[in-house]
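The next block holds one structure in the form of structure tokens; read it before the comments.
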There are 2 protein chains.
Amino acid sequence: MTTPDPDGLLAEQLLRLTRRVHRIQKRHLERDDLGVTPAQSRLLRTLAHYASPPRMADLAERLEVVPRAVTTLVDGLESSGKVRRMPDPANRRVTRIELTDEGHTTLRELRGARRSAAEEILAPLTEKERQVLGVLLDTLIEGDSGTRC
Amino acid sequence: MTTPDPDGLLAEQLLRLTRRVHRIQKRHLERDDLGVTPAQSRLLRTLAHYASPPRMADLAERLEVVPRAVTTLVDGLESSGKVRRMPDPANRRVTRIELTDEGHTTLRELRGARRSAAEEILAPLTEKERQVLGVLLDTLIEGDSGTRC
DNA sequence: CGTTCATTGTGAGTATAGGTAACAATGAGC
DNA sequence: GCTCATTGTTACCTATACTCACAATGAACG
């Protein structure tokens, strides 16, 4: 009651839980044999949110990683034919990333994997609790950009 | 309202948040220059929970990693003088892990780092919200061992 | 025009965290 | 004794993300 978070217990729970999320996600991805890693899956999903092909830098910002990390992810996805690097005619420094047809297909199949993984992870929670958790996590994530710099 | 978690959104928030936790934790550890990685910090903290020096296998189970991972962590901590491998007189296969004096000192200093890291992470939440989050995370973590096997 | 400076993506290398597989030493059961 | 399980470790592989340096390009400005 007095000390709900003595010395980072909550952060520890968070990390512990995430190792679990990671494992489950990986297992579901492997089960469906989609040939993408969790991080690649995230990039694919992010990609789908754009109306027009984003630049590498855009993806880096969205994914909250350094640009170099995006290069690695796109390398993998491109070599497996899920995305395509497209030169930007207006600015020859930028390359835009586009989903291929196969990428779209994978993305659809991925939805199933993601859904069942999420279901497994969130099984112990009721609908209501999931909503609450969602709000709390959102607050924490939002809080980041606010307190930054 | 109708679909609080369309296709693993919650899991994604969780992962995203954890990357943030990781970064913050790492930064705080580096700031204090304690010479331990986040995972090593976790092992040290786990170690403190035992009344008598645990075996490697015990630590692996508690940390939810394969024994091999513990070997690596202990290697690092031993080479920096924070823990000591002790042979078990009763069973010559097992090695027990003990905190050194320096390890105890580091652990104390670590508390500060952990606390400030946790504070930074949880800043956007009220006391009450933290409690709720704690319960939810606990439920999720507990749910694991239940549905396993 | 040329010089300087910022932007963009990437090569090279590193660190962290984790995993598998094989194995040697040891203990336990018959 | 022989067989089998346990314990930690050696050797190696993967995924993720980082820093640093750099080449190519674009922008600003004298």
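Naming: A, B, ... by sequence-line order, numbering from 1 per chain. Please read these numbers as outputs of a predicted model, since none were measured by experiment.
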_Given 3.5 Å as the limit, does a donor-acceptor pair link the side chain of B:Arg20 with the main chain of A:Leu140, or not?_
yes

*asked:* Could you work out, with salt bridge (charged side-chain N to carboxylate O under 4.0 Å, His left out) as the rule, every residue matching A:Glu30, not counting sequence neighbours?
replied: none

*Name the residue closer to the 5' end of DNA chain C, choosing between A:Ala57 and A:Lys26 according to the nucleotide with the nearest heavy atom.*
A:Ala57

*When you measure from every atom of DNA chain D, which of residues 88-96 of chain B have a heavy atom less than 4.0 Å away?*
B:Arg93, B:Val94, B:Thr95

*For A:Thr46, enumerate each residue passing the side-chain contact (heavy atoms from CB on, under 4.5 Å) test, keeping only those at least two apart in sequence or located in another chain.*
A:Arg42, A:Tyr50, A:Leu59, A:Arg62, A:Leu63

_Can you measure B:Arg23 atom CZ to C:dT16 atom P for me and round it to whole angstrom units?_
17 Å

*Non-neighbouring partners of B:Val135 that pass side-chain contact (heavy atoms from CB on, under 4.5 Å), sequence neighbours left out*: B:Thr139

*Can you name the residues that form a salt bridge (charged side-chain N to carboxylate O under 4.0 Å, His left out) with A:Glu129, not counting sequence neighbours?*
none

_Nearest non-hydrogen partners of A:Val132 and B:Val132, listed with the distance_ = CG1-CG1, 3.8 Å

_Just to be sure I understand the geometry, which residues of residues 71-80 of chain A put a non-hydrogen atom under 4.0 Å away from DNA chain C?_
A:Thr71

*Which residues pass the salt bridge (charged side-chain N to carboxylate O under 4.0 Å, His left out) test with B:Arg55, sequence neighbours left out?*
B:Asp58

*Do any side-chain nitrogens or oxygens of A:Arg19 fall under 4.0 Å of OP1 or OP2 in C:dA17?*
no

*Spacing of B:Leu59 atom CG relative to C:dG18 atom P, expressed in whole Å*: 13 Å

*asked:* Under 4.0 Å from a heavy atom of chain B: give me the 5'-most and 3'-most nucleotides of DNA chain D that qualify.
replied: D:dA5 to D:dA17

*Should A:Arg85 be listed as having a side-chain N or O under 4.0 Å from OP1 or OP2 of C:dG9?*
no

*Of all residues at least two apart in sequence or in a different chain, which pass the salt bridge (charged side-chain N to carboxylate O under 4.0 Å, His left out) check with B:Arg27?*
B:Glu120

*Would you mind listing every salt bridge (charged side-chain N to carboxylate O under 4.0 Å, His left out) that reaches into residues 69-93 of chain A, with sequence neighbours excluded?*
A:Asp75-A:Arg85, A:Glu78-A:Arg85, A:Lys82-A:Glu102, A:Arg84-A:Glu98, A:Asp88-A:Arg96

*Please list, by residue number, the residues of residues 48-56 of chain B whose heavy atoms come closer than 4.0 Å to an atom of DNA chain C; answer none if no residue qualifies.*
none

_Looking at B:Leu110, is its backbone amide N or carbonyl O close enough to the side chain of B:Arg45 to form a donor-acceptor pair, meaning the two atoms are under 3.5 Å apart?_
no

_Integer-rounded Å distance: C:dG18 C1' and B:Glu64 CD_ = 13 Å

_Main-chain N/O of B:Ile141 paired with A:Arg16 side-chain donor or acceptor, under 3.5 Å_ = no

*A:His22 and A:Arg19 side chains, donor-acceptor separation under 3.5 Å*: no

*Residues in side-chain contact (heavy atoms from CB on, under 4.5 Å) with A:Thr105, at least two apart?*
A:Arg108, A:Glu109

